[in-house]
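Below you'll find the structure, written out as structure tokens, and then a few comments.
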Amino acid sequence: MMFHVVLTPDENGWIVAECPALPGCVSQGRSEQEALANIKEAINAWLWAEDQKAAQAIPPDRFPLIVAV
């Protein structure tokens with residue numbers, strides 16, 4: 001899966017990384033490489049959290065399957 005990421009330097013010298021497709025998915029790093037590694041981790045965490053919310057909404061009479069993508 002691929003996502004667009006925006007990198008923006010802040011006033012303290014950090015690089016802020018944001019994934020516009022995932023509201024609130026933001027990270028940072030001291031370099032572009034570190035910011036990209038951190039936003040990848042943040043994207044995985046964001047997707048996991050959304051999946052957990054969706055799983056909790058499954059009616060108790062249904063049995064969810066886990067599919068790796």
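Bear in mind that the values here come from a model prediction, so they are computed numbers and not experimental data.
- Around the CD atom of Q52, the shell of radius 6.0 Å holds more than 12 heavy atoms that belong to other residues, nucleotides or ligands.
- For E41, the CD atom is loosely surrounded, since the number of other residues' heavy atoms within 6.0 Å does not exceed 12.
- Remark: side-chain polar atoms of D10 are paired, donor with acceptor, to backbone N or O of N12 under 3.5 angstrom.
- Under a hydrophobic clustering in which Ile, Leu, Val, Met, Phe, Trp and Tyr are joined whenever their side-chain heavy atoms come within less than 4.5 Å, directly or via other members, I39 and F3 fall into the same cluster.
- The two residues I15 and E32 come nearest to each other via the heavy atoms CG1-N, 4.0 Å.
- In this view, D61 and P59 satisfy the side chain to side chain contact (heavy atoms under 4.5 Å, CB included) rule, not counting sequence neighbours.
- To the nearest 0.5 Å, atom SG of residue C19 and atom NZ of residue K40 are 12.5 Å apart.
- The two residues A17 and A35 have their closest heavy-atom pair at CB-O, 3.8 Å.
- Judged by distance alone, the side chain of W46 and the main-chain N or O of P23 form a donor-acceptor pair under 3.5 Å.
- Rounding to the nearest 0.5 Å places CD1 of I43 at 10.5 Å from CE of M1.
- The shortest side-chain heavy-atom distance between L7 and V5 falls under the 4.5 Å cut-off.
- In terms of heavy atoms, G29 sits closest to N38 at CA-ND2, 4.1 Å.
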